[in-house]
Amino acid sequence: MIQLQFPDGNVREYPVGTTAFEVAASISQGLARNVLSASIDDVTVEVSTPLTTSGKIRLFTWDDEEGKRAFWHSSAHILAQAITHFYPNAKLTIGPAIESGFYYDVDFGDATLSEKDFPKIEKQMLEFAREKATFQMRSVSKTEALDFYADNVYKTELISNLEDGTITFCDHSNFTDLCRGGHLPNTSFVKAVKILNVAGAYWRGDEKNKQLTRVYGISFPKASMLTEYLELLEEAKKRDHRKLGKEMELFTFSQNVGQGLPMWLPKGAALRERLENFLKKAQKKAGYQQVITPHIGNKSLYVCSGHYEKYGKDSFQAINTPEEGEEYLLKPMNCPHHCELYKAKPRSYKDLPLRLAEFGTVYRYEQSGELHGLTRVRGFTQDDAHLFCMPDQLKDEFKKVIDLVLYIFKTLDFQNFTAQVSLRDPENKTKYIGSDENWDKAERAIIEAAAEKGLQTKVEYGEAAFYGPKLDFMVRDALNRSWQLGTIQVDYNLPERFELEYKGSDNQMHRPVMIHRAPFGSMERFVAVLIEHCGGNFPLWLTPEQVIILPVSEKFHDYANKLSQYLENYDIRALIDERSEKVGKKIRDAEVNKYPFMLVVGEKEVESQTVSVRRHGKGDLGTHTWEAFADLVNTEVNASLAPFEG
RNA sequence: GCCGGUGUAGCUCAGUUGGCCAGAGCAGCUGAUUUGUAAUCAGCUGGUCGGGGGUUCGAAUCCCUCCACCGGCUCCA
């Protein structure tokens, strides 16, 4: 007998050789029907594997990440089976489950796969699924495995990196794949499948390698779940900032200006200005000083900082002057300029921390395929600041910056962010400048500050900037893509390169430490993600127009104008719909255009000197006096704009 | 940069066995209407069918090329 302990602590005895499926069946019929995957002592096992040792067992269903993973991983096998069915010469490589669905990377040789081929693959997958073939793991020797994949260089490469004795194949139906396991009991669980798209993907993620065809798909245990998922995708597309930004006239692009160079239209510019002022106010309270530096800088500045060596090739090319040999660069970063500001006069320890902030517009030549709406552009404005401090002030300053970032995120209702500690790639230190000692100090400072602030963090190696580690605040867009917004970075290296110093209380010269930080990250990207978060329904304090006045007929335009002026005196942004349309039409258009408040004014309102208030998405709020309405608006604005308590 | 896809009016989209002056709805303009909580009516304007080149008697439609955009990969100071 073996003893299996369940997550609730209960221990039950089973005969040796019992499968996870049989364990599930011993608990309930429902669980037996729904169990997709299992683990013993946190090691994934097949539901059909006879268990021979005691341990902690977990049974996973669709509601568990592990259950979905088994589901999608198994679906990838069926996808591979279907691809092999239609393209016998295609070479399979890897096919993992991902966050939403699965993919398979395939070398199709001379053949190409396009959208037109999706339906037949989907159909074939479902046919294979209906066969109810069981997934059967088996161990194979290295020689046997290499022999099986003699004409597949990719699998051969994978196998040669595995240790003999640990290699397993998975069979289902007539199909065999190299696989380490974690499958559904059989293929029939897969009831709905959709091939989502194809994309190029480099073998092993290295652009020097051959580009394979990556086929993305998703599958579900119920057809209705697929329909729901596709509807969700459609809904998400409606929140896309590129669509809403255009509709709401916030920003635009022009081919004549250039790729990746966003231009802010009046409404967008005003919105951005409100965001900037909001941050400036908080920063002022936190002891920052605003500075302004030029958009270009002498090439030598970036040679000094290391940016030129690191990114010179991928930047806009040098700007030349009539003078022989004089070269400038569009600034890709504000830090070198700010270092020069630091050096504008001798600094004493009494000046520190020195906090220099600038909404600095920078230009980077991003690869064309990488550009994406406002989230990835070639010209953008960072809400940048550089904090120069003494080493013993570092952690405290860092924690204060965390407070500021959290304040910004809270005010804008970004609750679902990930705090990511981005460290050096321990495998490849050549990508970075500076000494191991400095890096260790900087990395430790970030980890400790985040821990002391009680931040839940995720550590990612290889994500650091070339001059220092970062604490990045990642937020997802409407389509669940993750973007870096806020960032805080510790840097011992640029102060060295720029030979920054201050005179200490000991009358000796010392080197300051720098913190680079940008709570929004870039104004462009932040606004993009903000648009998607609120679906274009901005918080009242930010929205381009807060109020639209809807006169019932032309007779009431005078009243509307007086009302508009009154609201303007209260800093409320209002406009009047003076078209000769019916109120129903004006309301409909105002709702479609996402104006937060609609004020209907006609005979009744003129008589009683009131307004009829209607809230976007909520409907009629009844009659208010002018004053009561102004209060209503300002109360809401103030409630969402609590001051920074830094 | 790479792989795959898309490109017709400001927006959403019709229009391919290649064939009359390229269509619709919305938006815009003009006029009528003076309107009470999600679409009043009529008329009009608007497009070198992404740019360029080619095939053809004839191209939005077929071919080549460039550009932009979309989904990924790589990259992301």
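Scope of the values below: all heavy atoms of this structure, side chains included, with no hydrogens, waters or symmetry mates. The structure presented is a predicted model; accordingly, all values stated were derived computationally and were not measured. So you know, we letter chains A, B, ... as the sequences are listed, proteins then strands, and number each from 1.
Nucleotides B/U35 and B/U16, compared at atom P, are 48 Å apart to the nearest Å. Comparing B/U65 with B/C3, their P atoms are spaced 12 Å from each other, to the whole Å. With both ends at atom C1', the span from B/A59 to B/G50 equals 16 Å, rounded to whole Å. B/G58 and B/A24 are spaced 26 Å apart, taking the C1' atom of each and rounding to whole Å. B/C75 sits 9 Å from B/G1 when the C1' atoms are compared, rounded to a whole Å. If you take atom P in B/A42 and the same atom in B/G7, they sit 33 Å apart, rounded to whole Å. Using atom P as the reference point in both B/C49 and B/G10, the two lie 13 Å apart (nearest Å). Of the C1' atoms belonging to B/C2 and B/G19, the separation is 41 Å, rounded to the nearest Å.
The separation between A/Q255 atom CD and B/C67 atom P is 11 Å, rounded to whole Å. Atoms CD (A/E603) and P (B/U35) sit 9 Å apart, rounded to a whole Å. What separates CG of A/L371 from P of B/A68 is a distance of 9 Å, to the nearest Å. Spacing between atom CG of A/L113 and atom P of B/G4 amounts to 11 Å, rounded to whole angstrom units. Look at CZ on A/F253: it is 13 Å from P on B/A68, rounded to the nearest Å. Rounding to whole angstrom units, CG of residue A/N480 and C1' of B/G71 are separated by 15 Å. Between the NZ atom of A/K586 and the P atom of B/U34 there is a distance of 14 Å, rounded to whole Å. A/K618 places its NZ atom 17 Å from the P atom of B/A38, with the value rounded to the nearest Å.
Not a single donor-acceptor contact under 3.5 angstrom links the side-chain atoms of A/R525 to the base of B/C76. If you check distances only, the side chain of A/E366 never reaches the base of B/C76 with a donor-acceptor pair under 3.5 Å. Side-chain atoms of A/Y202 come within donor-acceptor range of the base of B/G1, with a qualifying N/O pair under 3.5 Å. Scanning atom types as modelled, one donor and one acceptor separated by under 3.5 angstrom connect the side chain of A/R376 and the base of B/C76. With hydrogens and angles ignored, a donor-acceptor pair closer than 3.5 Å exists between the side chain of A/E605 and the base of B/G36.
Atom OG of A/S100 is separated from atom CH2 of A/W72 by 5.5 Å, given to the nearest 0.5 angstrom.
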Check the interface with nucleotides 28-33 of chain B: list each N/O to N/O pair with the protein under 3.5 Å, or write none.
from  : atom 1 : to     : atom 2 : distance (Å)
B/U33 : N3     : A/S580 : OG     : 3.0
B/U33 : O4     : A/S580 : OG     : 2.8

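Using a 4.0 Å cut-off between charged side-chain N and carboxylate O, A/E99 and A/R476 make a salt bridge. By the 4.0 Å N-to-carboxylate-O rule, A/R588 lies too far from A/E591 to be salt-bridged with it. Looking at A/E463 and A/R424, no side-chain N of the basic residue comes within less than 4.0 Å of a carboxylate O on the acidic one, giving no salt bridge.
If you check every strand for non-hydrogen atoms under 4.0 Å, A/V583 touches sugar and phosphate atoms only. Across all strands, A/T112 comes closer than 4.0 Å only to sugar-phosphate atoms, never to a base (heavy-atom distances). When heavy atoms are screened at a 4.0 angstrom cut-off, A/A199 is found touching base atoms of the nucleic acid. Counting any heavy atom pair closer than 4.0 Å across all strands shown, A/T213 reaches no nucleic acid atom. The residue A/G584 sits close only to the backbone: its heavy atoms come under 4.0 Å of sugar-phosphate atoms, none of a base. Within the nucleic acid shown, A/R214 comes within 4.0 Å of sugar-phosphate atoms alone, with no base atom in reach, counting heavy atoms only. Counting non-hydrogen atoms under 4.0 angstrom, A/H372 reaches the backbone sugars and phosphates but no base. Backbone-only engagement by A/G205 is indicated by non-hydrogen atom pairs under 4.0 Å involving sugar-phosphate atoms exclusively.
Checked against a 6.0 Å centroid threshold, the rings of A/F526 and A/F520 count as neighbours. Note: A/Y467 and A/Y432 fail the aromatic proximity criterion, with ring centroids not under 6.0 Å apart. A/F466 and A/W439 have their aromatic ring centers separated by at least 6.0 angstrom.
Between A/R364 and B/C75 there is no side-chain polar atom (N or O) within less than 4.0 angstrom of OP1 or OP2. Taking side-chain N and O atoms only, A/R242 has a distance below 4.0 Å to OP1 or OP2 of B/C70.
Looking at residues two or more places apart in sequence or on another chain, you find a salt bridge (Lys or Arg N to Asp or Glu O under 4.0 Å) between A/R579 and A/D577, A/D589.
Closest approach to the A/E115 side chain among B/G5, B/U37, B/C73 is made by B/G5 (side chain taken as heavy atoms from C-beta onward). Considering only side-chain atoms of A/K246, the nucleotide from B/C11, B/U35, B/G4 that sits closest is B/C11. The side chain of A/Q211 lies closest to B/C2, out of B/G4, B/C2, B/A38. The side chain of A/Y467 has B/A77 as its nearest neighbour among B/A38, B/A77, B/G71. Of the listed nucleotides (B/A38, B/G5, B/U34), B/A38 has the atom at the smallest distance from the side chain of A/I587. In this structure, the nucleotide among B/G71, B/A39, B/A77 sitting nearest to the side chain of A/P332 is B/A77. Minimum atom distance to the side chain of A/R481 is reached by B/G71, of the listed B/C2, B/G71, B/C76. Checked against B/A68, B/G4, B/A77, the side chain of A/Q259 finds its nearest nucleotide in B/A68. For A/K585, the side-chain atoms get nearest to B/A39 when compared with the rest of B/A77, B/C73, B/A39.
In this pair, A/H338 and A/H386 present their aromatic rings perpendicular. The plane angle is above 60°, beyond the 30 to 60° band. Ring pair A/H372/A/W483 is tilted by interplanar angle, where 30° to 60° counts as tilted. Taking the six-membered ring where tryptophan is involved, the planes of A/F629 and A/F597 are perpendicular, since the angle between them exceeds 60° and thus also 30°. The aromatic rings of A/H295 and A/Y363 lie tilted to each other, with the angle between the two planes from 30° to 60°.
Put simply, A/Y311 rests on the base of B/A77: the two rings are less than 5.5 Å apart at their centres and nearly parallel, under 30°.
With pairs defined as Watson-Crick or G-U wobble and both atom distances under 3.5 Å, the stems of at least three pairs that touch RNA chain B come out as B:1-7 with B:67-73, B:10-13 with B:23-26, B:28-32 with B:40-44, B:50-54 with B:62-66.
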Does the pair A/N334 and A/Q382 meet the rule for a side chain to side chain donor-acceptor pair (under 3.5 Å), with working shown?
CA-CA 8 Å; A/N334 301 302; A/Q382 295 180 309; 3.1 Å; yes

